[in-house]
Amino acid sequence: MKPRPAPSHWQPGTCGCDVSSSNSNMAVSGFRRLLVISECVLLKRLCQPAPSRSRHLSISRCGRNGLFSSSSRGASSNDAWGRRLLNTGARLQSSKDKVSVNFINRDGEKLKAEGNLGDSLLDVVVHNNLDIDGFGACEGTLACSTCHLIFEEPIYKKLDDITDEEMDMLDLAYGLSETSRLGCQICLKKWMDGMTVEVPSDVADARETKDIDSGS
């Protein structure tokens, strides 16, 4: 018995009878889509700019313990988490690593606070949430004189030498005295325990003074 000839209008794959040809076409089509998707993903990654890590540099002399000594803007979440962990660990240090400081505020109120060895006096004010208006406006970058403090003479004589940059800012401070220093540049040491510093009655932001001078 001879096989029946196929109809004249029949074409392979048009009615689903050519299974192998249909599966092959589907496989090729899927593979092409996969290649296109892969290329798009690769191009997107290659064209994406590297994350910005603009550095907010501090000029604090107090090392890694200071609040502003290693700050970074635009850092990754891991970096931020690491800094929070370090700050928490620093605050949990034993009492033998603590230094107490008395601040005489502008209104004469005495504020007592504690800081860790190596912290700056600006760090102490910030960590203890001391209510000293306008203190440390530039966050310890030596761009203002708002952390101006007056020391007792015996303490002042034992402080580290003043830098030219700090002196430039102090020249623009109100109420300047022979024992004036910027709090962001004074790092806590054990011999400072119990010392008293005075906040001047007036405060000047050296950045504003510079703007006025440059505009005149």
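For reference, positions follow the sequence shown, starting with 1.
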Do any N or O atoms from the side chain of [X] and from the backbone of [Y] form a donor-acceptor pair under 3.5 angstrom?
X      : Y      : result
Asn128 : Leu130 : no
Asn105 : Leu111 : no
Ser120 : Ile186 : no
Asp119 : Leu188 : no
His148 : Tyr174 : yes

Tell me if the SG of Cys187 lies under 2.5 Å from the SG of Cys62.
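Judged by the SG atoms alone, which are under 2.5 Å apart, Cys187 and Cys62 are bridged.
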Using the side chain to side chain contact (heavy atoms under 4.5 Å, CB included) definition, which of the options Thr146, Leu121, Leu122 pairs with Phe135?
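Testing Phe135 for a side chain to side chain contact (heavy atoms under 4.5 Å, CB included) against Thr146, Leu121, Leu122 leaves exactly one candidate, Leu122.
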List the steps and the verdict of side-chain contact (heavy atoms from CB on, under 4.5 Å) for Glu114 and Val124.
CA-CA 7 Å; Glu114 285 188 337; Val124 175; over 6 Å; no
Can you list everything that forms a side chain to side chain donor-acceptor pair (under 3.5 Å) with [X]? Sequence neighbours excluded, please.
X      : value
Asp168 : none
Glu166 : Arg181
Ser100 : Asp193
Asp160 : Lys189

Which distance, rounded to the nearest 0.5 Å, do you find between the [atom1] of [X] and the [atom2] of [Y]?
X      : Y      : atom1 : atom2 : result
Ile132 : Asp107 : CD1   : CG    : 10.0 Å
Ile162 : Met167 : CD1   : CE    : 4.0 Å
Leu170 : Leu149 : CG    : CG    : 10.0 Å
Glu165 : Thr141 : CD    : OG1   : 12.5 Å
Lys158 : Phe151 : NZ    : CZ    : 13.0 Å
Glu139 : Cys147 : CD    : SG    : 12.0 Å

So does Asp131 have more than 12 non-hydrogen atoms from other groups sitting under 6.0 Å from CG?
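Check fails, neighbour count at 12 or below.
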Applying side chain to side chain contact (heavy atoms under 4.5 Å, CB included), name anything that partners Asp133, two or more places apart in sequence or on another chain.
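In terms of side chain to side chain contact (heavy atoms under 4.5 Å, CB included), with neighbours along the sequence ignored, Asp133 is linked to Arg106.
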Tell me, please, which residues at least two apart from Lys157 pass side chain to side chain contact (heavy atoms under 4.5 Å, CB included).
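Only Glu153 meet the side chain to side chain contact (heavy atoms under 4.5 Å, CB included) criterion with Lys157.
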Looking at every heavy atom in both Ser180 and Gly175, which two are closest together, and how far apart are they?
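The answer is OG-O, 4.3 Å.
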Nearest non-hydrogen partners of Leu142 and Cys138, listed with the distance
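Between these two residues, the closest heavy atoms are N-SG, 3.7 Å.
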Checking Thr179 against Glu152 for the side-chain contact (heavy atoms from CB on, under 4.5 Å) test, could you report, in this order, the C-alpha distance in whole Å, the side-chain angles of both residues, the deciding distance, and whether it holds?
CA-CA 7 Å; Thr179 58; Glu152 296 173 337; over 6 Å; no
[X] and [Y]: same hydrophobic cluster, using ILVMFWY side-chain contacts below 4.5 Å?
X      : Y      : result
Leu159 : Ile150 : no
Ile104 : Val199 : no
Phe103 : Ile155 : yes

Measuring only between side-chain heavy atoms, which start at C-beta, is Lys98 closer than 4.5 Å to Asn116?
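Counting from C-beta outward, Lys98 and Asn116 do come under 4.5 Å.
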side-chain contact (heavy atoms from CB on, under 4.5 Å) between Ser145 and Leu182, intermediate numbers included:
CA-CA 7 Å; Ser145 55; Leu182 295 183; 4.2 Å; yes
